[in-house]
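Whatever order the structure lists them in is the order used to number ligands and atoms, beginning at 1. Given the structure is predicted, the values throughout are model-derived calculations rather than measurements.
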Amino acid sequence: MLSVKIEKELNKQLNREYFSAYLYMSMAAYFQSIDLSGFERWMQVQAKEELSHAEKIYNFIHERNGKVVLEAIEKPQTDWESPLAAFEDSLKHEIFITGCINELIKSALEEKDNATDIFLQWFVTEQVEEEANATKVIKKIKLMKAAPGGIFMLDKELAERE
Ligand code: OFO
């Protein structure tokens with residue numbers, strides 16, 4: 001059974017995961033608007049991953065006899081000055097999410113809620129991958145800055161994300 005505090009914090013994290021999906025769909029729409037369909041595809045796949053994160057938390061709250069409470073999802077930013085700026089924001093967001101997961105684990109340990117602690121370990125590993133994925137694209141954008149046409153090659157590569 002979840003404590004009131006952990007139930008509340010898990011619901012907050014649930015909202016953040018839905019916001020993450022919303023943010024990445026907004027980035028996808030930005031890439032669509034500048035005709036970079038590979039970048040758009042990458043962000044759409046990312047948004048779907050975020051929905052799967054939300055689903056995991058949604059199910060866990062119920063499994064632990066808690067109540068899922070959906071709050072309003074904040075409006076995400078809608079434009080970026082460049083593909084690099086969008087990916088830098090995505091990395092910043094992932095670092096923020098990593099911090100939230102760490103805080104949640106701290107609370108779970110304070111409440112002696114081992115089940116929540118163990119559940120959240122999956123997210124700890126996932127966040128390493130999420131930060132690495134954004135970092136990889138940022139590095140590539142920076143590397144190809146001097147190469148004309150490089151952005152289109154990267155667009156092709158990002159289109160292949162499953
Ligand atoms: Fe991007 O990992 Fe969930 O929010």
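A donor-acceptor contact shorter than 3.5 Å is absent between the side chain of R161 and the backbone of R41. Counting only distance, with no hydrogens or angles, the side chain of S82 and the backbone of A85 share a donor-acceptor pair below 3.5 Å.
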ask   = Taking it one step at a time, do K5 and E110 satisfy salt bridge (charged side-chain N to carboxylate O under 4.0 Å, His left out)?
value = CA-CA 11 Å; K5 182 178 176 190; E110 278 164 13; 3.6 Å; yes
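Tested against N11, the residues V68, I6, L70, L2 include a single side-chain contact (heavy atoms from CB on, under 4.5 Å) partner, V68.
For atom 3 (Fe) of ligand 1, the tally of protein N/O/S atoms lying closer than 2.8 Å stands at 3.
For the pair I57/F123, a side-chain contact is recorded, criterion being any heavy-atom separation below 4.5 Å from C-beta on.
Checking R16 against Q13 by side-chain atom types alone, a donor-acceptor pair falls below 3.5 Å.
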